[in-house]
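Below: the structure, in structure tokens.
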Amino acid sequence: MIDFEFAPQVNAQLKMYHAIAERMMRPISREYDEREHEKPWQFYNAMWSMAQNLGPGASPEKSPGDKREKSEKADNGQKGDGAAKLRNLYTCLSTEELCWGDAGLFLSIPNPGLGGAAVAAAGTPEQKERFLKRFREGEPKWGAMAITEPGCGSDSAAITTTAVRDGDEYVINGTKIFCTAGQMAAEKSDGFVVVWATLDRTAGRAGIKPFVVEHHTPGMTVTRVENKLGIRASDTAMIVFDNCRVPTNHLLGSAEVNPTGGFKDVMATFDATRPIVAAMAIGVGRAALDYVRDFLAEHNKPIRYGISPRRLTAVERDFMEMEVELKAARLLTWRAAWMLDMGMRNSLEASMAKAKAGKAVTLITQKAVELLGPLGYSRKVLVEKWMRDAKINDIFEGTQQINLMIIARRILGYSSKELN
Ligand SMILES: Cc1cc2nc3c(=O)[nH]c(=O)nc-3n(C[C@H](O)[C@H](O)[C@H](O)COP(=O)(O)OP(=O)(O)OC[C@H]3O[C@@H](n4cnc5c(N)ncnc54)[C@H](O)[C@@H]3O)c2cc1C
């Protein structure tokens, strides 16, 4: 049976997230888009204290990616304590609400972020406890994940950053770029960066492992913070690792270089984070749709549902197509997240959700600007900002093209060597 009804407790939490988005994010949205590198500390502090009071599941500070054991599987358990069992699904729901408010601010909220997702996906139970527990203990902290390098993005198997064992430490050397929340995680808070480095370049993908590098670790330096097109409230950092030493128990998971093990930790991390990025896109797309719908209604041109298609205006037809795109992306996203909660392999579905949502939000926000005419293009309203914020969903966590290629590989049964 398919059940899309959420428990009253989850609906109440979503209402609360919507109120945060509307009352706390929207009013400062333009300001922190324009003042790109300034930090909205009042907002961070308020979000952090609120996060401490929330239950499991629907809260953005919880690390996604924890796959449930079979015995914990939800038996259609959305009711009662279902929120704990459907953590990834509910993270997507809260993400959509908050990104309806502002995607850049959402990415900058103190939370384990992509770094937490990597710990959850690749860490041992002891490491998850050690590194993620602190996020629940009340100090504002940020997590970030650094894979991309000046010479490698889509092809993450080409990572050149190295980790060399020296006694009971690893010594990390290399440069990472475009690291979301990297500045906050590395410098400004009690946070951490999960950096992907190779133990053995001759081993290819199998040699690449994630390492937790705590904030202020000597040898880790933020050398640049990017100026960007969109999501400008979120910091995107270049981080240089120069003989940066971490204890050996900061290597997440096993140090064994297993040639058949491949890239599974990176993939497991993406399986968890792609549905969340898709949910971000859906939040931004919904913001644009809501704005256009209200605008048309205020100007005595409400969208007329249920009438014959031949009587629809061109604007109504466009709007309905935008709505369909958004709903299709949302269903794919919920499915991918739900599968993860059920402990099912979701790589195909996670890429489908990410590819569809990235494309949908790009189309929806561009169309929203177009439908509103000069107002849409002006800075009087946030629609042009949402168009700029939307595009990143087609780039990070695997570009549109890369996700389509993963989908093709999985459906057609090709390996990454056969189809690239
Ligand atoms: C704002 C922002 C935040 C980011 N945050 C993070 C982060 O937190 N951590 C992190 O590690 N990285 C992050 N990234 C980096 C992001 O993941 C990469 O930019 C992305 O993976 C693409 O890599 P690239 O930039 O090297 O582009 P390239 O890989 O050089 O790709 C360029 C173009 O070629 C296409 N292309 C590449 N290979 C193929 C192929 N085989 N077939 C078809 N088309 C292909 C791509 O789709 C793209 O359109 C961020 C980037 C941005 C802009």
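In this text, all values refer to a predicted model and were calculated from it rather than measured experimentally. Atoms within each ligand, like the ligands themselves, are counted from 1 in listed order.
There is a protein heavy atom closer than 4.0 angstrom to atom 2 (C) of ligand 1. At least one protein heavy atom sits closer than 4.0 Å to atom 11 (O) of ligand 1. There is a protein heavy atom less than 4.0 angstrom from atom 26 (O) of ligand 1. For atom 30 (O) of ligand 1, the nearest protein heavy atom is 4.0 Å or more away. Less than 4.0 angstrom separates atom 33 (C) of ligand 1 from none of the non-hydrogen atoms of the protein.
The number of heavy atoms from other shown groups lying within 6.0 Å of NZ (Lys39) is above 12. Remark: Arg293 CZ is packed, more than 12 non-hydrogen atoms of other residues, nucleotides or ligands lying under 6.0 Å away. Dense packing is recorded around CD of Glu418, with more than 12 heavy atoms of other residues, nucleotides or ligands lying under 6.0 Å away.
In terms of protein heavy atoms, atom 8 (O) of ligand 1 is closest to Thr180 N, 2.8 Å. The protein heavy-atom contact nearest to atom 18 (C) of ligand 1 is Thr148 OG1, 4.0 Å. Among all non-hydrogen protein atoms, the one lying nearest atom 39 (C) of ligand 1 is Ile402 CD1, 3.7 Å. The protein non-hydrogen atom at the shortest distance from atom 19 (O) of ligand 1 is Ile395 CG2, 3.9 Å. When only non-hydrogen protein atoms are considered, atom 41 (N) of ligand 1 lies nearest to Met405 CE, 3.6 Å. Counting protein heavy atoms only, atom 6 (C) of ligand 1 is closest to Phe178 O, 2.5 Å. Regarding atom 44 (N) of ligand 1, its nearest protein heavy-atom neighbour is Gln401 CB, 3.6 Å.
Listed by number with element, the atoms of ligand 1 under 4.0 Å from a non-hydrogen atom of Cys179 are 7 (C), 8 (O). Each of the atoms 1 (C) of ligand 1 lies under 4.0 Å from some heavy atom of Lys228. Of all the atoms in ligand 1, the ones that sit under 4.0 Å from a non-hydrogen atom of Asn420 are 41 (N). The contact set between ligand 1 and Leu114, taken as ligand atoms under 4.0 Å from a residue heavy atom, comprises 8 (O). Listed by number with element, the atoms of ligand 1 under 4.0 Å from a non-hydrogen atom of Gly153 are 21 (O), 23 (O), 24 (P), 26 (O).
How far CG of Leu340 is from SG of Cys92: 9.0 Å, rounded to the nearest 0.5 Å. Atom CG of Asp242 and atom OG1 of Thr221 lie 7.0 Å apart (nearest 0.5 Å).
Between Asn111 and Met47 the shortest side-chain heavy-atom distance does not fall below 4.5 Å. Arg345 places a side-chain heavy atom less than 4.5 Å from the side chain of Arg410. Residues Tyr291 and Leu372 are in side-chain contact: their nearest non-hydrogen atoms beyond the backbone lie under 4.5 Å apart. Contact check for His215 versus Trp142: no side-chain heavy atoms found under the 4.5 Å cut-off. The side-chain heavy atoms of Val284 and Thr365, taken from C-beta on, include a pair separated by under 4.5 Å.
Among the candidates Arg232, Lys385, Arg26, Arg388, the single residue satisfying the salt bridge (charged side-chain N to carboxylate O under 4.0 Å, His left out) test with Asp102 is Lys385.
For Trp196 and Phe270, the distance between ring centers is not under 6.0 angstrom.
Distances from atom 28 (P) of ligand 1 to the heavy atoms of Ser154, Gly151, Gly230, Cys152 show the closest one on Ser154. Atom 22 (C) of ligand 1 has its nearest heavy-atom neighbour, among Ile392, Ile239, Thr399, in Thr399.
Backbone and side-chain nitrogen or oxygen atoms of Met145 are examined, and one is located within less than 3.5 angstrom of a nitrogen or oxygen of ligand 1.
Between the side chains of Glu214 and Thr217, no donor-acceptor pair of N or O atoms lies under 3.5 Å.
Here Gln400 has no heavy atoms under 4.0 Å from ligand 1, in either its backbone or its side chain.
Using a 4.0 Å heavy-atom cutoff, Ala144 is absent from the residues neighbouring ligand 1.
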